[in-house]
Protein chains: 2
Amino acid sequence: MSRRGRGTPAGLSRERIATAAVALVDRDGLETFGVRRLAAELGVDPMSIYNHIPGKAALLDAISEAVLTEASAQVDPWPQDWRDVARALARTYREMATRHPRVFPLLTTRAQTSATALEAVEQLTALMRRANLPDQVTADAPLVLFGFLNGYLLATLGTSARDSQGESAGSTQLELDPLAYPTLAALGPLQTGFGGDEEFERMLDTILTGIASRAPRPS
Amino acid sequence: MSRRGRGTPAGLSRERIATAAVALVDRDGLETFGVRRLAAELGVDPMSIYNHIPGKAALLDAISEAVLTEASAQVDPWPQDWRDVARALARTYREMATRHPRVFPLLTTRAQTSATALEAVEQLTALMRRANLPDQVTADAPLVLFGFLNGYLLATLGTSARDSQGESAGSTQLELDPLAYPTLAALGPLQTGFGGDEEFERMLDTILTGIASRAPRPS
DNA sequence: GATAAAAGATCTACACCGTAGGATAGGCCG
DNA sequence: CGGCCTATCCTACGGTGTAGATCTTTTATC
């Protein structure tokens with residue numbers, strides 16, 4: 001069936017596999033993703049993949065590694081204020097998540113210890129220290145920030161991926177019984193653009209304010 | 001093989017299935033979970049489950065619904081200050097996540113619109129409004145809070161579930177090169193008890209401070 | 001260049017999965 | 001009693017991840 005004979009190098013490599021895998025998940029989603037489908041996409045026997053990646057779990061690792069390095073390669077140059085660094089990191093991270101909404105859930109389960117990720121956190125904490133924030137606050141900051149980012153993006157991307165139809169900030173408003181939940185019903189009009197830019201910036205401000213406000217006043 | 005004849009009611013019900021499913025995921029994890037294993041656990045034919053639950057996706061929905069209602073049934077009575085409500089909610093949520101660490105990832109992907117969950121958020125926002133917080137802050141608060149909770153708990157439960165060996169706040173410290181990451185290395189000693197109680201309370205304080213500080217000073 | 005060894009691609013096969021379709025039995029109402 | 005309805009089970013189909021053997025090409029060694 002194949003045009004190539006046996007043993008003929010198909011030009012496979014860990015990188016090429018990872019790239020194709022990311023594209024496949026972007027297109028068809030994680031549920032249907034699998035070794036065999038990926039192999040079909042690459043025009044290759046399923047088992048050939050195992051010559052470069054030891055199993056499906058490692059394949060998922062390779063996917064998340066690929067999208068993460070793609071993201072962290074574009075925070076440059078570094079700002080001078082720690083808030084700006086945090087904001088730049090958050091926005092870049094969000095852009096990556098928006099580009100690959102169906103890959104993103106993978107990232108939230110895997111601990112990220114790549115060199116680029118560590119360097120980003122290093123930059124942030126270094127600036128925080130220089131700004132005389134308490135060390136405990138500085139040490140906690142990355143966990144607060146990325147904890148929030150993972151949870152919030154998971155929520156917004158999960159729903160907006162299903163109904164990305166109306167462009168005008170539609171996103172089906174949940175119908176609430178005003179008798180049972182008067183406050184939520186009253187607040188409803190304020191939830192414009194679930195997962196939108198302005199909402200994200202407000203949330204981010206809230207987080208950064210929280211981090212900054214745990215510090216004593218700078219003289 | 002089965003002791004029962006055909007058609008004999010096995011006492012199956014949506015609730016009994018959900019309970020057994022939660023127990024099974026708690027014990028063996030999500031990866032190996034499936035209809036057939038659950039049926040075996042219940043001493044029942046796999047297809048019998050389909051008489052009560054329409055498919056595997058619905059089965060996962062039932063699981064997350066079960067653990068969530070288990071959690072939200074224990075916030076009572078409600079405190080008077082919105083911070084106390086938020087803290088109570090967060091702690092209860094975390095306890096649920098700790099009880100079912102391998103189920104928890106399911107919750108972070110599914111939008112929660114159960115009555116008990118909505119009521120909890122209603123209570124929180126009602127108190128915030130009465131405390132004269134700006135409506136926009138109040139409307140954003142649940143998303144910030146639960147966004148953070150989902151992300152943070154996902155991170156801590158994911159790793160602590162693997163090495164829950166040493167009881168004394170061990171949790172394998174990541175070895176960092178002090179030359180490449182001087183700040184992170186210096187901050188290392190402050191990261192005591194990853195996922196521990198004190199850490200969680202600090203993070204929670206940070207979030208609540210952020211929310212509160214976006215409000216104008218109360219007179 | 002000849003030859004051996006290593007590496008990569010493929011084929012086959014196995015155990016497992018979710019579930020559609022049908023056969024069978026018990027409970028319930030006439 | 002007869003007929004329906006529902007819950008259980010059985011069988012079967014197409015899909016999955018991957019272990020093991022086989023074949024071919026590339027690379028290393030003399």
Side-chain angles (χ1 to χ4, degrees), chain A residues 1-25 27-65 102-103 105-106 109-110, chain B residues 1-25 27-65 102-103 105-106 109-110:
Chain A
M1 199 47 112
S2 172
R3 201 159 49 262
R4 271 186 320 280
R6 274 202 193 166
T8 304
L12 274 190
S13 71
R14 187 186 149 94
E15 193 179 26
R16 215 167 83 81
I17 292 175
T19 305
V22 169
L24 186 55
V25 174
R27 199 186 52 186
D28 294 344
L30 270 177
E31 283 71 23
T32 68
F33 175 79
V35 181
R36 294 176 118 109
R37 298 177 103 96
L38 175 60
E41 203 74 13
L42 285 164
V44 138
D45 186 274
M47 293 312 287
S48 296
I49 294 181
Y50 284 76
N51 287 320
H52 304 266
I53 290 179
K56 190 182 183 181
L59 193 49
L60 297 177
D61 287 344
I63 291 180
S64 48
E65 177 196 313
R102 326 184 82 155
V103 174
L106 284 182
T109 327
R110 284 156 174 67
Chain B
M1 200 47 112
S2 172
R3 198 160 51 264
R4 274 186 317 280
R6 274 201 193 166
T8 304
L12 274 190
S13 72
R14 189 188 149 93
E15 194 179 28
R16 215 166 83 81
I17 292 175
T19 305
V22 169
L24 186 56
V25 174
R27 200 187 53 190
D28 295 343
L30 270 177
E31 281 70 22
T32 68
F33 175 79
V35 181
R36 294 177 118 109
R37 299 176 104 95
L38 176 59
E41 202 75 13
L42 286 165
V44 139
D45 186 273
M47 292 313 286
S48 297
I49 292 182
Y50 284 76
N51 287 319
H52 304 265
I53 290 178
K56 190 182 184 183
L59 193 49
L60 298 178
D61 285 344
I63 292 179
S64 48
E65 177 197 314
R102 326 183 82 155
V103 174
L106 285 182
T109 326
R110 283 157 175 67

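Numbered from 1 within each chain, the chains take letters A, B, ... in sequence-line order.
- None of B:Ile53, B:Val25, B:Ile17, B:Ile63 except one satisfies the side chain to side chain contact (heavy atoms under 4.5 Å, CB included) rule with B:Leu38; the exception is B:Ile17.
- In this structure, B:Leu42 atom CG and D:dC9 atom P are separated by 10 Å, rounded to whole Å.
- A:Leu12 places its CG atom 8 Å from the P atom of C:dT10, with the value rounded to the nearest Å.
- Atom CZ in A:Arg16 sits roughly 14 Å away from atom C1' in C:dG8 (whole-Å rounding).
- Pairs of Watson-Crick or G-U wobble type, with distances under 3.5 Å, assemble into runs of 3 or more in DNA chain C at these ranges: C:1-30 with D:1-30.
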Show me the protein contacts with nucleotides 12-16 of chain D, counting only N or O atoms at under 3.5 Å.
{"from": "D:dT16", "atom 1": "OP1", "to": "A:Arg37", "atom 2": "NH1", "distance (Å)": "3.3"}

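- Of the residues in residues 47-55 of chain B, those placing a heavy atom less than 4.0 Å from an atom of DNA chain C are B:Met47, B:Tyr50, B:Gly55, in numerical order.
- Here the shortest heavy-atom pairing between A:Ala39 and A:Pro46 reads CB-CA, 3.4 Å.
- Put simply, CG on A:Asp45 is 13 Å from C1' on D:dG20, counting in whole angstrom units.
- At a threshold of 4.5 Å between non-hydrogen side-chain atoms, the residues A:Leu12 and A:Val44 count as touching.
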Q | Intermediate values then yes/no, salt bridge (Lys or Arg N to Asp or Glu O under 4.0 Å), A:Lys56 and B:Glu31 | A | CA-CA 12 Å; A:Lys56 190 182 183 181; B:Glu31 281 70 22; over 6 Å; no
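- In this structure, B:Leu106 and B:Arg110 have side chains that are in contact, with non-hydrogen atoms separated by less than 4.5 Å.
- Side-chain contact between B:Phe33 and B:Asp28 is absent, with no heavy atoms from C-beta onward closer than 4.5 Å.
- When rounded to the nearest whole Å, the span between CZ of A:Arg14 and C1' of C:dA9 equals 19 Å.
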